[in-house]
Number of protein chains: 2
Amino acid sequence: MTRPPETQTLPIEAPTERPTLRTVAQATGFSVATVSRALSDDPRIALKTRKTVAEAAERLGYVPDRAARRLRTGRTQVVSLLLNTEHEFLGFTHEFLSGITEVLRGTGYSVTVVPDDIGEDRLDLVRNIMRNNLADGILFTRTECFDPRARLLMESGFPFVSHGRTDFTTPHAWVDFDNEAFARQAVERLVTKGRRRLSLILPEDRFSFTQHLRYGFLSAARAAGIEHEIVAGVTLDSPTPEIAEALRESRRGPTPPDGYICVGEVTALVTMAALVDTGATPGIDADVVAKRASPIFDNIRPRIETVFEDLRATGRAMAEMLLRRMAGEPPEDLHILFKPGQPDWNGGA
Amino acid sequence: MTRPPETQTLPIEAPTERPTLRTVAQATGFSVATVSRALSDDPRIALKTRKTVAEAAERLGYVPDRAARRLRTGRTQVVSLLLNTEHEFLGFTHEFLSGITEVLRGTGYSVTVVPDDIGEDRLDLVRNIMRNNLADGILFTRTECFDPRARLLMESGFPFVSHGRTDFTTPHAWVDFDNEAFARQAVERLVTKGRRRLSLILPEDRFSFTQHLRYGFLSAARAAGIEHEIVAGVTLDSPTPEIAEALRESRRGPTPPDGYICVGEVTALVTMAALVDTGATPGIDADVVAKRASPIFDNIRPRIETVFEDLRATGRAMAEMLLRRMAGEPPEDLHILFKPGQPDWNGGA
DNA sequence: CAGGGGAATTCAAACGTTTCAATAGACCAT
DNA sequence: ATGGTCTATTGAAACGTTTGAATTCCCCTG
């Protein structure tokens, strides 16, 4: 091995500049190119060299400059999370985001949060990210049956994972909760409790999970041969006062519902409030089964029956999948359907 | 003005590469340097030229490459939000983040979320961001009286805004909620309702807002000459079962509290549950005043009295301040103390 | 008409990587 | 010695900006 001419005459520089490849190169006597290759474990570099370089880099505290790498390779080391900021989610955002960052920590990827409100052109958002190279991958929620974002991303071959399935035939990576099973289970639980007139408020029609909920609800209710209604005129995203009014309205009839299935936590609270406000007693005159994502329901009295959707695990799964997609793995087998689980009653009283 | 030699002989290229400064330069006949300066409205460039260039850039859909700019200038156009992922905040994260992104949208800055859990060395996190140039500014929450992150950032002159004040004498930018006033108001409201034995659960001692709450609570309670206790052995961050147990325990005495001040939403629910579970009726045997950040309390029955902390506005304010800090404004006058407001009862029943 | 001054523009270097193509040895077989 | 093959390393260009210094051009003054 050719030892380089002695360039390192100055022993220590006081202000301790941030080390670059050049610093490491000078310290080890190799060229910048070799150091770069050594650090990426390029097999063309002698093993011994790789070790030397790795040690020097460690010792000097070398960390590659993201901007430079990004400029050179075109890869941003960034993942964008499209986040709806208009609606109320209680624990949703927090848990979901926690799961994502948990997985991404230490991978060198960072998450940027991009507000994604129905108001503007959500497609432009995605286009902007792709075109201007703002991220290597995208995560989004509130997936629609024929989600235009998914379509665009698929056409471009851009890595993404959706929270929720689509109806496209081309496969893509997704993570979803089995809302059909949830609805079915909820119906069964209410039926078991002797409830005969079930009520459900659905999300907006364009979301794919709306279809799953509807199907699960309708088929289970029909199978059980009981009365059932899907509350008209409001959706999960309606302002809570409207939802409350719709619920109270539906209770004014001669035979009001005696079993409620709530897909969101807020809706569950609204439902409970509507019951109380119309003179009914939850647990006596009607039962409520709710999907819950946060532990708050442990502390609601009277207790509500809940089915747990683990959003932190969802975030984790989506981040892991996105990593695999960005590493080039085909989307064919990248999906997870979370089954409704029991809440982790770690003693919630 | 010297018209350049005709370089643009090829009229249209099919694959439509992403335009760079060079593209715009070629299209206008100016040099890359001029185009760059023109786009940044450099007064040295003739006004007419600036206009021409701006138009061409617009027409071609030119957007500066962030990586290149970042490499050259050292500025990242990124803001890091240090987010605690361990604790439960209900609407906190969502509202806060929404406020931040709302302000940052269109400024060219993006937000990255960095998990900041007490477990690891939170200082290293900050050091890492500064050293490796991962952001131009930092936002963080859960500020401590002598917050080491704040100290480090101040020493380095790195732009940041904290959610919460510190006890340092050197000024820095912060946004805070007047928790002292909140505690005081809460005491007064309970006293007005005839409550004589007040109870409060505080956050961990090291947080600066804990001191404000304590002071407000103690001084108001003493002024009113009524009994008061700060629940021992648990904090706001304790697991909810522990909080619940502590509350039930405190109700076992001969004269249990009849007025509760809850600093968090979860705690408020736990308190309500503890009351019910020990046979007391909220609103009759005891009253609860809670700080609320999300609208869910509109839908809790019986209704709780709440004081609203607008976290979306807090996020907005912090983002705005950070922009000003990053633009070089000194921190002297950059602080906002949000006064406890009335909840925006837009009709919640 | 030399040359000073100012306005407008351009040149070229630099930021820190990655990577293609080239080079330098070493070893082996002719 | 000559050439070939293989391994280990290096030189240099490129990614798209920004910016200090240089250049060009024109007008004006003496």
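Keep in mind that the numbers below use all heavy atoms, side chains included, and drop hydrogens, waters and symmetry copies.
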Modelled atom types, side-chain donor and acceptor of B/T85 and B/D117, under 3.5 Å
yes
Heavy atoms only, 4.0 Å cut-off, all strands: where does A/T20 land among base, sugar-phosphate and nothing?
sugar-phosphate
Kindly assign one of parallel, tilted or perpendicular to the pair B/H163 and B/F92, based on the angle between their ring planes and the thresholds 30° and 60°.
tilted
For A/A33 and A/P43, take the nucleotide of DNA chain D holding the closest heavy atom to each; which residue's nucleotide lies nearer the 5' end?
A/P43
Distance, rounded to the nearest Å, where A/R18 contributes CZ and C/dA14 contributes P:
19 Å
Which nucleotide in the set D/dG16, C/dG16, D/dG11 lies at the smallest distance from any side-chain heavy atom of A/A68?
C/dG16
Separation of A/L71 atom CG from C/dA14 atom P, in whole Å?
17 Å
From D/dG16, D/dT19, D/dT10, pick the nucleotide closest to the side chain of A/T34?
D/dT10
Classify the side chain of A/R75 and the base of C/dT17 as holding, or not holding, a donor-acceptor pair under 3.5 Å.
no
In this structure, how many angstroms lie between the P atom of D/dG16 and the CD atom of B/E17, rounded?
9 Å
Give B/R37 one of three labels, base, sugar-phosphate or nothing, depending on what nucleic acid heavy atoms sit under 4.0 Å from its own.
base
Residue A/R44, side-chain atoms from C-beta onward, closest of D/dG20, D/dT9, D/dG16:
D/dT9
Rounded to the nearest 0.5 Å, what's the gap from CG on A/L139 to OG1 on A/T314? Could you check?
12.0 Å
Choose from C/dT19, D/dT17, D/dT9 the nucleotide whose nearest atom is closest to any side-chain atom of B/Y62.
D/dT17
